[in-house]
Every structure is written in structure tokens, then in C-alpha cells.
Protein chains: 2
Amino acid sequence: MSKKNPDKLLVFALGGVGEIGKNMYVIQYANDIVVVDAGLKFPEEDMLGIDIVIPDISYLLENRDKVKGILITHGHEDHIGGLSYVLKQLNVPVYGTKLTLGLIESKLKEAGLLGETKRIVIDADSVVELGTIQASFFKTNHSIPDSVGVALDTPEGTIVHTGDFKFDYTPVNEQYADLQRMAEIGRRGVLALLSDSTNAERPGYTPSEKNVGEGLEDIFHKSAQRVVVATFASNVHRIQQVINAAIATNRYIAVVGRSMVNVVSIAADLGYLDIPEGMIIEPEEVNKLAADRVVILCTGSQGEPMSALTRMARSTHRKVDILPGDTVIIAATPIPGNERYVGRTVDELFRLGANVIYGPGSVPGVHVSGHGSQEELKLMLNIIKPKYFIPIHGEYRMLRQHAQLGEAVGIDRSHIFVIDNGETVEFQGGIGRKGSKVQAGNVLIDGLGVGDVGNIVLRDRKLLSQDGILVVVVTLSKQDGGSIVSGPDIISRGFVYVRESEGLLDEANKIVSSTLNKLMHDKVNEWASLKTNVKDALGRFLYEQTRRRPMILPIIMEV
Amino acid sequence: MSKKNPDKLLVFALGGVGEIGKNMYVIQYANDIVVVDAGLKFPEEDMLGIDIVIPDISYLLENRDKVKGILITHGHEDHIGGLSYVLKQLNVPVYGTKLTLGLIESKLKEAGLLGETKRIVIDADSVVELGTIQASFFKTNHSIPDSVGVALDTPEGTIVHTGDFKFDYTPVNEQYADLQRMAEIGRRGVLALLSDSTNAERPGYTPSEKNVGEGLEDIFHKSAQRVVVATFASNVHRIQQVINAAIATNRYIAVVGRSMVNVVSIAADLGYLDIPEGMIIEPEEVNKLAADRVVILCTGSQGEPMSALTRMARSTHRKVDILPGDTVIIAATPIPGNERYVGRTVDELFRLGANVIYGPGSVPGVHVSGHGSQEELKLMLNIIKPKYFIPIHGEYRMLRQHAQLGEAVGIDRSHIFVIDNGETVEFQGGIGRKGSKVQAGNVLIDGLGVGDVGNIVLRDRKLLSQDGILVVVVTLSKQDGGSIVSGPDIISRGFVYVRESEGLLDEANKIVSSTLNKLMHDKVNEWASLKTNVKDALGRFLYEQTRRRPMILPIIMEV
């Protein structure tokens with residue numbers, strides 16, 4: 001496509017639209033491709049057994065010589081979590097701010113890719129030349145420091161990608177969103193804006209992260225015992241505020257949970273956390289201190305089964321117990337789909353006698369979102385003043401709500417493109433239109449397997465999960481016109497509790513025998529036909545008896 | 001227990017505490033047992049393949065001669081959905097108000113139990129003698145008409161069970177909660193209150209259902225095309241308000257979805273819905289009318305996969321299509337766990353070009369809860385003024401929050417019992433204490449099977465759903481010291497996409513062969529040992545290669 005029309009500008013997503021997660025946006029002008037972000041997504045509820053999901057990058061691999069680099073807007077998993085998988089197949093330079101690269105490097109080290117990956121630190125004043133495309137950046141506020149938006153100047157015009165953002169007028173680290181630069185970019189003229197739609201359904205403004213600091217300090221003051229704070233490991237601002245509240249209330253901090261330890265260490269090393277000497281204690285030391293001198297900062301705010309807080313709640317954590325009278329703060333809201341897990345954890349903490357601060361009653365006291373609400377999204381649209389608008393980073397309904405906000409601030413409906421992954425928007429001569437589709441989709445990662453689980457495997461897992469499986473083993477003789485030599489033996493897993501269903505399985509056995517005997521009497525002896533008939537007869541019988549449809553696997557042997 | 005202490009009063013739950021759903025409460029004095037409600041629960045996320053969950057009623061079956069009757073507080077599934085299963089095993093009289101019994105009867109008819117079940121209609125003025133226990137009732141407000149609370153006078157004192165309730169001072173049907181009777185019961189003295197904890201986490205007051213009527217009428221007015229309203233079928237008040245808004249905007253109503261048709265028919269027949277003659281049209285007639293003359297009232301507010309709205313959203317409904325410009329109102333909030341389903345449905349409706357009104361931005365405009373918030377729960381505690389308090393109907397965290405409200409209104413902490421299912425509270429001589437436990441738990445219903453799926457089956461389904469299954473079939477000869485006659489053949493389901501993993505499966509085959517050959521060479525020939533060794537060797541190999549742990553089923557035959 002790009003060969004036929006070498007002077008077109010293409011903008012599309014390989015991930016991140018119509019979903020929350022696996023963000024990857026592509027800007028291509030002629031032979032220059034710039035990628036923004038390379039994230040992962042957590043599996044949907046129907047992706048059974050899948051660990052993570054990354055974007056299908058076939059398009060980039062087919063055009064590998066054109067890819068000039070990957071710009072990373074910030075260090076969240078949905079923006080950097082797919083990077084190792086991408087770089088394994090496509091060794092291109094990676095650009096990110098200091099903290100972002102710090103987090104990426106720890107991933108690349110694990111994947112054995114650190115040596116061979118070219119990493120370029122940028123800051124908000126950097127300008128990066130990527131063929132005919134020039135990238136510059138602007139500071140934004142988000143729930144992780146060092147987040148930036150990107151302006152990509154191309155021969156067709158400027159494309160602005162906001163990254164994830166909110167407008168926090170009182171940021172914790174005093175790193176203000178660069179409204180002046182955004183205004184300057186807007187003044188020069190922007191062809192198209194790609195903007196974060198996460199909170200496009202939410203009216204008003206998202207409160208400042210500073211609110212949380214006040215809420216935390218208040219709770220720390222009132223607690224006569226230990227305080228446990230669970231939050232997202234990557235929320236360095238929040239972590240700083242936990243530290244500040246601990247200082248104010250004369251408490252030490254134990255950091256618990258692998259990713260929390262990792263982020264605190266990276267952020268402190270790179271100067272993004274200000275921690276007084278001697279304030280951090282080992283989890284083992286918690287019990288040696290008076291209860292009102294202790295804060296435990298941990299992972300598990302989503303009720304993840306293996307996380308630190310979940311283990312504490314179940315009394316299976318090796319180092320930290322929850323004691324009656326402890327205060328536990330869940331400084332996060334559940335991501336849709338996690339509500340039940342979080343609820344279970346809260347229940348267990350209450351059972352241990354903890355005072356648990358969680359849920360809607362506690363927000364914005366102990367949590368605020370990192371994404372801008374409707375009024376902030378309108379501010380971004382107003383300050384960038386784009387000719388075209390492409391809402392990104394959100395489920396379809398969020399993109400649509402964001403599109404409506406675009407119309408509300410005066411962008412013509414025909415200049416707003418709500419796109420699916422792989423659906424291109426082409427710009428030529430200042431005119432934008434929807435173009436053709438490039439390959440895009442989900443690559444499922446299950447253990448070490450990348451892409452070896454597809455729809456057939458998932459369909460089978462779904463079937464198996466609902467009603468289990470029956471394996472029917474029978475041996476037929478070749479000689480005497482085909483009689484049953486041994487079996488049928490029926491082995492079931494996940495179907496019924498066998499000891500209570502002997503009658504049913506005996507009956508099933510007879511159905512298989514009589515089906516086979518009848519077929520052999522009728523001289524039907526092609527294997528496929530025998531198998532199909534056994535499957536059908538047994539399936540029908542079991543459905544009548546149980547209203548269940550287990551998978552049936554007939555194994556017919558001949559001797 | 002009751003035999004040794006014939007003069008004790010026992011209060012416990014067989015379902016409904018530590019969970020939302022399968023409500024069943026038991027009040028026993030000596031040889032008289034009264035059951036309040038018999039509900040179902042929808043399966044938890046780890047109950048794979050299960051359709052519904054009902055209470056374990058072993059205790060009632062062991063004491064079947066003592067059970068005097070089942071009182072039903074209102075007609076919601078979590079209070080009546082287990083009734084058919086209970087009555088099949090325990091034929092006792094059922095007491096309920098007119099609408100409640102109407103809904104029950106439609107269930108009993110399906111289960112073939114209508115003829116043999118004694119049903120007694122009560123109203124708020126009824127008094128029912130159940131051995132030494134006397135039941136009277138009081139009207140409450142809830143999201144279904146004809147809801148009542150129950151006062152049970154026993155020789156040990158009065159137990160009050162609120163049922164599900166809110167205080168709606170402007171109820172849609174002008175059936176006000178009977179504050180006078182509650183006050184009178186409280187004045188006479190109440191030993192213990194069992195009160196609904198669903199919204200114990202929510203501060204303030206729950207808005208009146210009337211708010212929704214105004215919200216609906218406003219949207220109906222503004223819509224130039226058809227309006228689709230999805231809500232809970234049982235919410236007869238809401239349905240009446242849809243009818244009223246349709247009258248006000250000169251629209252006809254098509255009722256779509258099995259349970260919606262069923263409830264509208266029962267409620268209209270019994271006089272709980274006021275529908276003008278000729279207002280209800282068949283779904284087939286929708287397309288014959290001008291778009292601004294039509295309302296479609298349907299099920300599917302939870303995004304349930306087979307519901308009417310979900311089918312419309314996926315364009316698979318046989319009778320109703322969503323057209324661009326239609327307005328769809330989801331007049332409900334997602335039950336925890338259903339958020340993703342609802343989100344998916346909203347996405348699909350947006351894709352069809354509908355204007356969708358849903359989510360937090362739309363509430364309380366188009367939805368309010370049927371359960372009282374904290375201030376209403378305090379009002380109930382204040383008006384009933386119980387000596388003891390047992391929060392019911394909620395997850396553990398909700399019961400705990402409700403217990404805190406009890407303390408806040410002045411009930412002594414030692415007089416508040418947060419119980420688990422099966423955990424009894426005993427009252428004797430005016431003193432309450434936690435007693436011993438009776439059998440309680442979940443009975444899982446999968447298809448026609450009641451209780452034939454237990455932990456082992458669920459564990460297998462979980463394993464199968466994560467990594468699938470490999471069946472290894474091999475035939476050994478008995479004669480020549482045991483050599484492989486045929487196989488090994490490996491059949492996998494839900495493990496890997498076979499065509500892309502031939503190498504892996506070939507290698508797996510070799511592992512099985514070499515394991516068996518080595519064992520036979522070492523003269524190991526007990527089946528159990530052969531199977532275990534094959535399982536272990538293959539499992540180890542596959543985990544190394546894939547980091548997955550599929551179920552492995554070795555089938556070893558001898559000829």
C-alpha cells in the first residue's frame with residue numbers, strides 16, 4: 001500500500017483501540033515507520049489459561065526495514081509489557097524518559113535482550129529524527145512519573161499522541177504538565193490528535209493525586225497499630241506520599257511484593273523517590289518494632305491471587321501477618337473483572353480483625369485515577385486544536401464517548417475517526433480518510449508459548465471447563481467380523497463425581513457397546529464412522545440424562 | 001442439639017451470610033422450625049460449568065418433622081429460586097404475598113410440584129401459627145412489589161427478619177413501608193433483628209424509585225426514534241414507570257425476553273401492573289409502527305449472553321433489530337462480575353449506531369438500588385430497637401460494615417453476631433450466644449445434576465480449562481517381556497495448536513516410548529507404576545518446553 005502511494009501518511013493502532021491494554025500505535029510516512037508504545041494486555045475472561053496478550057506485529061515484521069524506532073510514552077505494563085516480545089523479532093532503537101527506560105531495562109535484562117537493544121534516553125526537550133519524521137515531546141501528568149506526550153512532525157503535518165494523561169495542577173513531584181508547549185504545538189497547527197479515552201465516560205475533573213496524600217496521612221495518624229497500604233507498584237507518586245505520611249507519623253516502611261520491591265528500588269536509584277536514610281526496613285523486622293511505628297507497603301490492590309496482600313489476607317505470607325486492629329488501605333479501585341477478587345481479599349482481612357479502608361466510600365480519600373475525565377479531555381482538545389481527532393486507549397464505548405466530546409468542542413463529525421485495531425487513517429494533501437486494513441490482532445502467550453494457542457485450543461478449553469471430558473477406550477478384533485475384545489472403558493474427568501454416578505457410567509458403557517455391535521453387525525467398519533457414531537450416541541444419552549455436553553474422545557483400537 | 005435443650009431458641013442461616021444469594025434463614029424453638037426464604041445463587045467464577053447454587057438443607061431433612069413451613073419475603077430469585085429443589089425433598093407449606101406466590105407458582109408448575117405444594121397467601125395483616133412460633137408481617141419497600149418483613153414471636157422472644165428493604169417515601173405503587181407497625185413491634189420489645197446488609201457499605205440514603213420515572217420520561221421525550229429499555233424482569237415498579245413514560249410520550253410497548261414476558265404477564269394478571277388496553281404490541285409489530293411510537297422493554301441489563309438485549313446487540317435476535325439512532329437505556333447497574341459483559345453489550349450497541357445510556361453517568365437517572373443505604377439501615381435499627389442484632393444478606397465485609405452501624409446506633413458489641421452459614425445463635429433466658437454449627441454449604445446444580453459435581457470435578461475442570469489434556473494411548477505385549485505393540489499415540493485437546501506443534505508432540509512421543517522401554521527393561525510392569533512414570537516424565541518434559549501443566553491421562557493396554 002505504501003509503495004503505491006509513497007506520499008501518504010498512515011496512522012493506525014496495532015493495539016489499544018476497542019480495548020484497554022496492549023497499546024501500540026503506528027505512524028508511517030512513505031518508508032518511515034515510527035511505533036509508539038508496545039504494551040501487553042491481561043487476558044479476557046474467555047481466554048482460558050492465557051497469561052498475557054500482546055499485539056500481532058506482522059505488519060511491522062513485513063516492513064521491518066522501515067521501522068525507525070519505538071517511542072515509549074511511560075512505564076506502565078500496557079505500554080511497555082510487550083516490548084521484549086517485539087524486540088526479539090525486531091531489533092530497533094527504543095526511546096523513553098529516564099524512569100521509563102529504567103523500568104524497561106529491568107525487563108530486557110530478564111529477557112536477555114539488554115545488550116543488543118539500543119536504548120536512547122529522552123527528556124521533554126529532546127528532538128528525535130526518525131527518517132522524515134521528527135519527534136518532540138511534552139510533559140504530562142499521570143499515575144507514574146516521567147510520562148510524556150509525543151508530537152510527530154511529518155511532511156503531511158503534525159500528529160500528536162497524548163500518551164496517558166490527566167491534568168494535575170498540584171502534582172506530587174512538582175512536575176507540571178507542560179501546558180505552554182502543548183499550546184505552542186497547537187498554535188503551529190496539528191493535523192490529528194490521538195488522545196487517551198480511558199475516562200471519557202466520566203464527567204468532570206479527576207482529582208489531584210495530592211488529595212490522596214492528605215487522606216493517607218489522616219488515616220496513618222488515627223491508626224494505633226500497623227498500617228498496610230496496597231497500591232499499584234508503578235504508582236511512584238502514591239509511594240512517595242506513603243513515605244511522606246510515614247515520615248509525618250514517625251513510622252518505618254517495609255516494602256513487600258516482588259514488583260513493589262523492584263519499582264521502589266529502580267525509582268529510588270534514579271532519583272524519583274525521596275526516601276530518608278534508614279526508613280526502609282526488611283519485612284522480617286516488622287515484628288521487632290512497636291505496631292504504631294510500622295507501615296507495610298505492598299502489592300495486591302487488585303486481589304491478585306499470588307500477590308503480597310492476598311497472601312497476607314489468607315495468612316499464607318511467609319513474613320508478614322495481619323493482626324487484629326491493623327489498618328489495611330486498598331489505595332486503588334478494582335479494574336473491571338477484578339471486583340470479586342478484591343471483595344474476597346477484603347472479606348478475609350475483616351475476618352482477621354483488620355480495619356479495612358476500601359471501595360467507593362474511601363475514594364478519593366485514598367485513590368484517584370491517573371486518567372483525565374471529560375473536562376480534561378476537552379481541555380486537551382482545546383489546547384491542541386487538531387484538524388482531525390482519533391480517540392485511542394479505550395474500549396469502543398469510551399472511544400465513542402470521547403468522539404462525542406470532540407464534537408462538543410467543535411470538531412466536525414467527519415473529522416473524527418473511531419477506529420479498530422489495524423484500521424488505517426490516511427492523510428494526503430491535508431485530507432484524512434479511513435484507509436484499508438493492515439493485519440492486527442491478539443497474540444496469546446501461555447507459558448513459553450507465543451501464539452501457539454488459538455481459537456480452536458481456546459474453544460476446547462472452554463468446552464472442557466464447562467462439562468469435562470469422557471475418554472472411551474475400546475478394542476475391536478479384526479478377524480471375526482469385528483467383535484469387542486476389551487472395553488469399552490470410560491474414563492471421565494471434570495464430568496461427574498464418579499462414585500456417585502456409577503449407574504450413569506455403567507449405562508453409558510452399554511450404550512457404547514450396543515452402538516458398536518450394531519455397526520459391526522451392519523458391516524460398518526470405517527474408523528471415522530465408528531467414532532462418530534459412538535460420539536453421537538453417547539453424547540445424546542448423556543445430554544438426556546444430565547443436560548451436559550462433555551467432550552467425548554473415542555479411542556478405538558484394533559487387534 | 002435441640003433435643004438436649006428443648007427450650008432454646010436457635011437462629012441461623014443455611015444461606016445468605018458471607019455471600020449475596022441463596023438466602024435461607026432458620027428459626028427453631030424446640031420442635032418447631034420455621035424457614036424464611038429458599039433462594040438460589042449464581043455460581044462464583046471458580047465454579048466452572050455450574051448453572052446455579054442452592055443451600056445444603058441436610059439439617060432440615062434430618063429434622064423434617066419439625067419444619068412447619070417456609071415463609072417467603074418476596075419474589076426475587078435469591079429468595080425463591082431454590083424453592084423447587086427444596087420442596088422436592090421436603091413437602092411443607094409455603095407462605096407468601098400474592099405476587100410472591102404468583103411468581104413461585106410459575107416455577108412450581110415448571111417443576112411439576114404445583115399440585116402437591118400447599119400454598120398460603122398472606123398479606124401484611126396475616127398472622128400465621130407455626131407450632132409455638134407465631135409469624136406476623138410488615139410491608140417494606142423493595143425493587144419488587146409485595147415485599148414484607150417478618151416478626152416471629154417465640155416463647156423466648158421476638159425475632160424480626162427485615163427481608164430486603166429500603167425506605168422509599170414516595171413509592172411508585174403508593175404502598176408505603178409500614179413504619180407504624182415496625183414501631184409497634186419495636187415498642188413491644190424485640191429479642192433479635194436480622195437485617196439486610198446489601199448496601200451497608202454505602203453512605204447516605206438510596207434515592208426513590210420515582211426518580212427513575214422522571215429520568216425515563218425525559219429520555220423518552222428527547223428520543224426521535226425507538227427506545228429500548230433493559231432492566232430486571234422482576235422490577236415491576238420499574239416496568240410500571242416504563243409504561244407510564246410510554247403513555248406520556250404516546251408510545252406502544254413490545255415486551256421481549258422470556259422472563260420479562262413471564263413477569264409482565266403474572267404481574268398484570270394479579271393487578272400489580274396498570275397497562276392501558278392495546279398498549280402492548282407483539283415484537284413482530286415493532287417495524288410496522290413509526291419509530292417514535294415504540295418502546296421495547298427487554299431483559300439483558302446484565303449483559304447475560306443469551307438475553308434479549310445481548311442478542312439484539314449482536315444482531316442475532318430473531319424479531320428485533322437495533323437501528324442507527326435508536327436509544328438504548330440500560331436501567332440497572334452491573335452486579336459485580338458482570339461489568340465486562342455489560343461493557344461488551346454497550347460496545348456492540350454503539351457499533352450499531354445506537355445512543356446508549358448506561359453506567360455511572362446515568363444513575364440515579366435510570367436506576368436506583370432496591371436496598372437501603374447506611375442511614376436507612378440505622379433507621380431500621382432505631383425503629384426495631386432490638387436487644388441483639390444479626391446482620392444478614394451480604395458478603396462478609398457488608399455484614400461487618402452493618403455490624404459497625406449497629407454499634408454506632410448503640411447496640412453493645414457483644415450483642416452483635418456476625419455469623420457464617422450454619423453457625424447458630426442460641427437464645428435462652430433472654431441471653432444470646434453463638435452456639436454450635438449445623439451442616440450448611442453449597443449444593444451445585446449442573447444441568448439435571450443436583451450435587452453430583454463437587455470439589456474434585458471442579459478442580460479437574462479448572463485444570464482442563466488452564467492447559468487442556470493429553471491422552472496417551474499405548475499397547476504393550478504381555479508375552480515377550482513387554483514390548484510396545486502399538487503407539488504411543490498422543491491425542492491433545494486444549495493444549496497447543498497441533499499443526500504448529502508437531503515437533504513438540506513427536507518429541508513427547510519419544511519420551512513416552514523411552515520411559516516405557518526403560519521400565520520394561522527394568523522389569524517394572526505394574527500398571528500403576530507404568531502410568532505414574534509416563535505421567536511424570538511427560539509432565540516434566542512438557543513443563544520444561546512450554547511452562548504448562550496439561551492434565552495427562554495415560555491409557556496402557558496389554559495384548
Side-chain angles (χ1 to χ4, degrees), chain A residues 18 44-45 48-49 201-203 336-337 339-340 343 346-347 350-351 356 358-361 395-397 400 446-449 451-454 456-458 460-469 471 473 475 486 489 491 493-497 500-501 543 545-548 551 553 555 557 559, chain B residues 18 44-45 48-49 201-203 336-337 339-340 343 346-347 350-351 356 358-361 395-397 400 446-449 451-454 456-458 460-469 471 473 475 486 489 491 493-497 500-501 543 545-548 551 553 555 557 559:
Chain A
E44 311 270 309
E45 64 283 7
L48 295 171
E201 294 168 295
R202 199 179 294 187
E339 292 84 356
R340 286 183 176 192
V346 173
D347 285 346
F350 268 127
R351 283 184 189 273
V356 193
Y358 68 100
E395 303 279 358
Y396 188 81
R397 58 194 176 277
R400 283 296 303 265
D446 180 3
L448 297 180
D452 66 342
V453 172
I456 297 173
V457 173
L458 289 181
D460 283 349
R461 288 182 184 175
K462 176 81 181 167
L463 281 175
L464 290 166
S465 77
Q466 292 300 299
D467 291 322
I469 187 168
V471 181
V473 187
T475 310
S486 80
D489 293 312
I491 303 151
R493 290 288 185 277
F495 172 54
V496 287
Y497 190 48
E500 306 210 334
S501 309
Y543 184 72
Q545 296 292 312
T546 66
R547 289 288 179 279
R548 300 181 202 168
M551 188 181 280
L553 211 61
I555 296 175
M557 326 250 289
V559 289
Chain B
E44 311 270 310
E45 64 282 8
L48 296 171
E201 295 168 295
R202 201 179 291 187
E339 292 83 354
R340 287 183 175 192
V346 172
D347 285 346
F350 268 127
R351 283 183 190 273
V356 193
Y358 68 99
E395 302 279 357
Y396 189 80
R397 58 194 177 279
R400 283 297 302 268
D446 180 3
L448 296 181
D452 66 343
V453 171
I456 297 173
V457 173
L458 289 181
D460 282 348
R461 288 183 184 174
K462 175 82 180 164
L463 281 174
L464 290 166
S465 78
Q466 292 300 299
D467 292 322
I469 185 168
V471 181
V473 186
T475 311
S486 80
D489 293 312
I491 303 151
R493 289 289 185 276
F495 172 53
V496 288
Y497 190 47
E500 305 211 332
S501 309
Y543 184 72
Q545 296 292 313
T546 65
R547 289 288 180 280
R548 299 181 203 169
M551 187 181 280
L553 212 60
I555 296 175
M557 327 249 289
V559 289

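Between chain A and the residues B:E44, B:R547, B:Q466, the largest count of heavy-atom pairs under 4.5 Å involves B:Q466. Your options are A:V453, A:V471, A:L464, A:L48, and the one with the most heavy-atom pairs under 4.5 Å with chain B is A:L464. Between chain B and the residues A:G451, A:S465, A:G447, the largest count of heavy-atom pairs under 4.5 Å involves A:S465. Ranked by heavy-atom pairs shorter than 4.5 Å toward chain B, the options A:D467, A:I469, A:V356 are led by A:D467. Between chain A and the options B:E395, B:R493, B:R351, heavy-atom pairs under 4.5 Å are most frequent for B:R351. Between chain A and the options B:T475, B:L458, B:L553, B:L463, heavy-atom pairs under 4.5 Å are most frequent for B:L553. In terms of heavy-atom pairs under 4.5 Å with chain A, the best-connected choice from B:M551, B:K462, B:R400 is B:R400.
With rounding to the nearest 0.5 angstrom, the CD1 atom of B:I555 is 8.5 Å from the CG atom of A:D489.
A search for salt bridge (Lys or Arg N to Asp or Glu O under 4.0 Å) contacts involving A:D446 returns A:R461, B:R548, not counting sequence neighbours. Residues satisfying the side-chain contact (heavy atoms from CB on, under 4.5 Å) criterion with A:R202, sequence neighbours excluded, are A:N199, A:S369, A:S373.
Not one N or O on the side chain of A:R397 forms a donor-acceptor pair closer than 3.5 Å with the backbone of B:F350.
Proximity to chain B (any heavy atom under 4.5 Å) is restricted, for A:E339, to the side chain, taken from C-beta onward. Heavy-atom distances place no part of B:Y543 under 4.5 Å from chain A, backbone and side chain included. Of the atoms belonging to B:Q545, it is backbone heavy atoms, and not side-chain ones, that fall under 4.5 Å from chain A. Contact annotation for B:V496: both backbone and side-chain heavy atoms come within less than 4.5 Å of a heavy atom of chain A.
Two residues are said to be in side-chain contact when any heavy atoms from C-beta on lie closer than 4.5 Å; B:V473 and A:M557 meet this criterion.
With a 6.0 Å radius and a threshold of 12 heavy atoms from other residues, nucleotides or ligands, B:I456 has its CD1 atom at or below the threshold.
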